[in-house]
Asker: 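Got a structure here, written out as structure tokens. Questions coming.
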Amino acid sequence: MGTLRGNWNYPTLIRFGAGRIKELPDACKALEIQRPLIVTDAALAKLPMIAEALANLRQAGMGCDVFSEVQANPIEANVNAGLAILRSGRHDGVIAFGGGSALDAGKAIALMAGQTRPMWDFEDREDWFTRVDVAGILPTIAVPTTSGTGSEVGRASVITDVRDHTKKIIFHPKMQPRLVIADPELTVGLPPHITAAVGMDALSHNLEAYCAPFYHPMADGIAIEGMRLIKEWLPTAVRDGTNIEARSHMLIASSMGATAFQKGLGAMHSLSHPCSAHYNTHHGLTNAVVMPFVLQWNRSALDDKFVRLAAYLNLPKPSFDAVLAWILDLRKSIGIPNSLTDIGVPTNAPALLAQSAFDDPSTGGNPLPMTTQDFATLYGNCIRGTL
Ligand SMILES: [Zn+2]
């Protein structure tokens, strides 16, 4: 397999390769962090990888602690609880360690460390990010343990606002972690159904970025190679979680998705965010379910682009239909359910969620302009499971 290892500064410093979690103390030194706070979730906190990281940091003489009260689809209370620990422990940096929820919570805690305004003042609207006191942001090291969100290279955190059941994007360019340790060995223990769901999230990022109707050839280039890696390696990663080659390619494909989606996302994420906020459905799984219905909806805007994409993916008879057939096959082969009903979204959801979907910041990147009524119709297709 050659050496699937490298040091990259794109889009941030990335130390990529199996076993590189050992470099965590050195990474802290490189950023002059002496008292890191590890932010993770409760399940991960019980695994040896966190205990080992903590031991290595302490052995290197660092005053390190673990905060693990981060729930799936994190809420403001999680960020505030972490902030209290960060401040009382006089921590000078954050190690965001885990899947998307832990990474997003960790990045938000580091952002909020030195702010006086409430977090919702930094929502990704107009120029609200300019309200941030940049000097008050602590450096973050990101250690992804799933291969999906790509939050390790992203400049935002998605936090659920429990007051109105919406997922809000907290954004600042300097929320991008300063350094990433991307170690595929950390993803080996992910069970097949999670590997499948997060892998489809990575696919949705590359795919929606590629479909977004803006001029951004750099993002498009990253997105199509990200999709090729997922096509080649996601089924293997689901079938044989110990295959480090597959795990390596999925881990970088996930970072590539988040790099590409600086260009934009689209209706998959617009539909998915309200489902997770209301019914706590898994983000990646929800995207995987809605994916073919959204593509079919946008078909008229995608025909030409998908001829090129299908050719690059080496699909027979390159066309929109070839890409759609590949995605339907892939979903089936890795055990993704077909409809939103299958994952517990009720039949009255369209009326309830369509407005939130329309308001979602991802909507602006959809290839076709959308209305609230369009989203209600599209939700209906996803609930019935009809293309
Ligand atoms: Zn996503």
Side-chain angles (χ1 to χ4, degrees), residues 11 72-74 96 98-105 107-108 124 142 144-160 166-171 175-176 187 190 193-212 219 222-223 226-227 229-230 234 250-295 298 327 330-331 334 336 340 343 345 353 356-357 359-367 382:
N73 300 316
S101 299
L103 295 178
D104 280 6
K107 286 159 63 182
D124 189 13
T145 62
T146 63
S147 296
T149 88
S151 181
E152 66 275 7
V153 298
R155 305 175 301 167
S157 293
V158 181
I159 308 289
T160 299
T166 57
K167 284 198 158 196
K168 296 200 165 121
I169 297 177
I170 306 300
F171 168 81
M175 285 177 79
Q176 184 175 61
T187 70
L190 278 183
H193 71 285
I194 303 286
T195 302
V198 297
M200 289 301 281
D201 191 27
L203 176 58
S204 74
H205 296 155
N206 284 293
L207 183 57
E208 292 218 281
Y210 180 71
C211 294
I222 292 167
M227 286 188 267
L229 289 171
I230 291 165
L234 178 55
M250 284 309 300
L251 184 55
I252 193 60
S254 159
S255 298
M256 291 165 82
T259 305
F261 82 58
Q262 284 193 22
K263 181 188 172 197
L265 288 169
M268 292 172 208
H269 278 79
S270 308
L271 292 167
S272 148
H273 286 148
C275 288
S276 297
H278 282 258
Y279 311 115
N280 214 28
T281 60
H282 185 277
H283 173 72
L285 183 64
T286 316
N287 286 327
V289 169
V290 304
M291 187 176 287
F293 309 106
V294 172
L295 291 179
N298 288 318
I327 284 170
L330 175 66
R331 285 199 328 165
I334 60 174
I336 302 290
L340 285 180
I343 62 169
V345 176
L353 305 186
S356 303
D359 291 338
D360 192 274
S362 309
T363 299
N366 197 62
C382 299

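We count ligands from 1, going down the list as the structure has it; atoms in each ligand are counted the same way. Note that this is a predicted model, so its numbers are computed, not measured.
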Asker: Return the CG to OG distance between Leu229 and Ser254, rounded to the nearest 0.5 Å.
Answerer: 11.5 Å
Asker: With no hydrogens and no angle check, do the side chains of Ser151 and Asp104 hold a donor and an acceptor under 3.5 Å apart?
Answerer: yes
Asker: Will you find, in the side chains of Ser147 and Thr187, an N or O donor that is under 3.5 Å from an N or O acceptor?
Answerer: no
Asker: Calculate, to the nearest 0.5 Å, the distance between atoms OG1 and CG belonging to Thr195 and Leu190 respectively.
Answerer: 4.5 Å
Asker: For Asp201, which residues count as a side chain to side chain donor-acceptor pair (under 3.5 Å) partner, sequence neighbours excluded?
Answerer: Ser204, His205, His283, Asn287
Asker: Could you tell me if Ser270 and Ser362 have a donor-acceptor pair between their side chains, going purely by distance under 3.5 Å?
Answerer: no
Asker: Could you tally the protein N/O/S atoms lying less than 2.8 Å away from the Zn ion (ligand 1)?
Answerer: 4
